[in-house]
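Each remark here refers to the structure printed beneath this line.
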Amino acid sequence: MTDFQKGKPFKQNSKNTFHESMGFLKYLDNEEPRPVFYCEPQNRQSTVTLFGQSPNFRIPYSPKNDGKAASAVDFIPEEVGESKKIDLADAIFGFVRRKNENKEQGSDENKKEKQEKSRAGRIFFSDAQYKSEENGIWLTDDTITPQILATPKPTTFQHYLVQKSHEKKSLKHYASQPNQDTVIRGHKLYWHKGNVGIDRIKTKATEAEIKDKQSQYTEIKPIQSGVSFEFTIYFENLSDVELGALLWVLTLSVEDVEKVKLLGLDSKEKYRLSLGMGKPLGMGAVMIEKYELSLNERYRNEPKQRYTQLFDDNNWLRADS
């Protein structure tokens with residue numbers, strides 16, 4: 001066991017204590033110790049690095065034998081995950097990233113390549129201010145405990161990698177050749193479910209079950225459907241293409257059929273944006289009712305009073321006033 005596993009976080013946890021004299025993990029003091037299974041070191045190594053509490057514990061697969069386990073990240077196409085090109089999202093919202101280390105060449109010139117490259121964002125969102133509602137703002141008066149909203153499980157490779165066959169022996173997995181045998185499926189999205197009621201959101205677990213798995217449950221106070229909010233998007237120095245992309249997204253979920261047709265989409269379908277938590281339960285579907293575009297072309301010094309006037313009567317002079 002490592003020093004960390006022998007430390008206070010484990011000693012003070014009654015469900016995961018370490019028996020120092022026996023070298024076992026046990027749940028409670030009155031229970032029998034649990035054995036630790038391990039793989040014998042290979043290639044003249046003396047340190048045990050693979051161990052677990054089950055005789056069938058998982059062993060990470062390292063395709064390059066460099067100690068790095070294979071994962072879903074390895075199956076992201078290079079032009080998407082590690083591309084030097086800047087896409088629209090990065091260009092508009094900004095980014096900070098580090099280039100891959102070149103292990104074969106260790107010159108000072110290559111070390112400079114490891115420096116973080118960044119680009120400042122040019123779009124800013126204000127807080128959404130409550131505007132109006134039809135049947136009250138809250139779905140419930142008190143907080144509720146929703147169904148478990150678990151994190152992704154990458155070990156379910158059947159879901160995360162493209163499969164050409166449902167036969168078990170033909171399934172592609174993390175030992176398959178990236179970009180040759182298979183690739184990652186893409187962005188994880190959730191189906192919209194219309195008007196969701198509290199019965200679909202609230203867990204059916206008992207209080208005892210919730211208490212036993214406190215780390216997996218949370219409490220929320222969801223907003224009623226039909227509640228309207230108003231917010232402002234500020235942007236600066238966007239190109240025509242970048243501004244068009246922003247307007248495309250805002251237009252996507254409007255109710256105006258003619259505007260949706262302008263995007264080349266099927267006007268019979270209703271499109272919505274996703275916001276916030278609870279999306280697997282059908283929550284967070286957002287519609288943009290309408291928007292107004294106001295441009296201030298600074299390079300033309302329009303309006304003329306920009307940088308020459310600070311106040312507008314008793315208020316600050318705004319660029320859109």
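Remember, predicted model here, so these are calculated numbers, not experimental data. These values consider heavy atoms only, across backbone and side chains, with no hydrogens, waters or symmetry-generated copies. All residue numbers refer to positions in the sequence shown, counting from 1.
For the atom pair OG (Ser294) and OH (Tyr234), the distance works out to 10.5 Å, reported to the nearest 0.5 Å. Atom-to-atom distance recorded for Glu207:CD and Thr203:OG1 is 11.5 Å, nearest 0.5 angstrom. The distance from the OG atom of Ser62 to the NZ atom of Lys68 is 9.0 Å, given to the nearest 0.5 Å. How far CD1 of Ile184 is from OH of Tyr160: 8.5 Å, rounded to the nearest 0.5 Å. Separation of atoms CD (Glu209) and OG1 (Thr145) is listed at 12.0 Å; rounding is to 0.5 Å. A distance of 8.0 Å separates CZ in Phe75 from CD in Gln177, rounded to the nearest 0.5 Å.
Not a single donor-acceptor pair under 3.5 Å links the side chain of His192 to the backbone N or O of Gly194. Looking only at distances, no side-chain donor or acceptor of Thr232 sits under 3.5 Å from a matching main-chain atom of Ser126. Not one N or O on the side chain of Thr156 forms a donor-acceptor pair closer than 3.5 Å with the backbone of His159. Counting only distance, with no hydrogens or angles, the side chain of Asp256 and the backbone of Glu258 share a donor-acceptor pair below 3.5 Å. Without hydrogens or angle criteria, Asp312 side chain to Asn315 main chain gives no donor-acceptor distance under 3.5 Å. Under the 3.5 Å distance criterion, the side-chain polar atoms of Arg272 are left unmatched by any main-chain donor or acceptor of Ala285.
Note on Ile288: it clusters hydrophobically with Leu293, by side-chain heavy-atom contacts below 4.5 Å among ILVMFWY residues. The hydrophobic cluster containing Val227 does not contain Val196, counting ILVMFWY residues as joined when their side-chain heavy atoms lie under 4.5 angstrom apart, directly or transitively. No path of Ile, Leu, Val, Met, Phe, Trp and Tyr side chains, each step under 4.5 Å between heavy atoms, connects Tyr61 with Val183, placing them in separate hydrophobic clusters. Follow the hydrophobic side-chain contacts under 4.5 Å out from Val249 and you reach Phe125 in the same cluster. In the hydrophobic clustering of ILVMFWY residues, with side-chain heavy atoms under 4.5 Å counting as a link, Leu149 and Ile210 come out apart.
Counting only heavy atoms from C-beta outward, the side chains of Ile148 and Tyr217 approach each other to under 4.5 Å. Using a 4.5 Å heavy-atom threshold, the side chains of Ile201 and Ile220 count as touching. Side chains of Tyr38 and Thr49 form no contact here, defined as non-hydrogen atoms less than 4.5 Å apart. Within the 4.5 Å cutoff, side-chain heavy atoms of Ile123 are placed close to those of Leu246. Between Val254 and Lys290, every side-chain heavy-atom pair lies at or beyond the 4.5 Å cut-off. Looking at Val48 and Pro41, their side chains come closer than 4.5 Å, going by heavy atoms from C-beta outward. Looking at Thr218 and Met277, their side chains come closer than 4.5 Å, going by heavy atoms from C-beta outward. The side-chain heavy atoms of Leu171 and Ser176, taken from C-beta on, include no pair separated by under 4.5 Å.
Using a 4.0 Å cut-off between charged side-chain N and carboxylate O, Glu242 and Arg122 make a salt bridge. For the pair Glu289 and Lys259, the salt-bridge criterion is not met [side-chain N within less than 4.0 Å of a carboxylate O].
Under the side chain to side chain donor-acceptor pair (under 3.5 Å) criterion, Tyr291 pairs with Thr251, sequence neighbours left out. In this structure Phe311 satisfies the ring pair (Phe, Tyr, Trp, His ring centres under 6.0 Å) test together with Trp316, sequence neighbours excluded.
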message = Between Phe57 and Phe37, is the side chain to side chain contact (heavy atoms under 4.5 Å, CB included) condition met? List the steps.
response = CA-CA 8 Å; Phe57 66 90; Phe37 300 87; 4.0 Å; yes
inquiry  = Apply side chain to side chain contact (heavy atoms under 4.5 Å, CB included) to residues Lys131 and Phe229 and explain how you reach the verdict.
reply    = CA-CA 5 Å; Lys131 186 178 179 183; Phe229 293 84; 5.8 Å; no
message = Could you walk me through whether Asp74 and Tyr174 satisfy the side chain to side chain contact (heavy atoms under 4.5 Å, CB included) test, starting with their C-alpha distance in whole Å, then the side-chain angles of each, then the deciding distance to 0.1 Å, before giving a yes or no?
response = CA-CA 8 Å; Asp74 300 329; Tyr174 295 141; over 6 Å; no
key: side chain to side chain contact (heavy atoms under 4.5 Å, CB included) between Leu281 and Gln147, intermediate numbers included   = CA-CA 8 Å; Leu281 307 177; Gln147 300 178 43; 3.9 Å; yes
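Taking all atoms of both residues into account, the shortest heavy-atom contact from Leu263 to Trp248 is CD2-CD1, 3.1 Å. Pro222 and Met283 get closest at one heavy-atom pair: CB-CE, 3.6 Å. Of all heavy-atom pairs between Cys39 and Ile59, the closest is SG-CD1, 3.7 Å. Nearest approach of Phe157 to Gln163, heavy atoms of both residues: O-NE2, 3.6 Å. For the pair Lys193 and Pro280, the tightest heavy-atom approach, listed with the atom from each and the gap, is NZ-O, 2.7 Å. Considering every non-hydrogen atom in both Lys221 and Trp138, the closest pair reads O-CZ3, 3.3 Å.
Summarising the local packing, NZ of Lys202 is surrounded by 12 or fewer heavy atoms from other residues, nucleotides or ligands at distances under 6.0 Å. Atom NZ of Lys211 has 12 or fewer neighbouring heavy atoms from other residues, nucleotides or ligands inside a 6.0 Å radius. Annotation: Glu40, atom CD; neighbour count of heavy atoms from other residues, nucleotides and ligands within 6.0 Å does not exceed 12. Other residues, nucleotides and ligands contribute at most 12 non-hydrogen atoms within 6.0 Å of the CG atom of Asp240.
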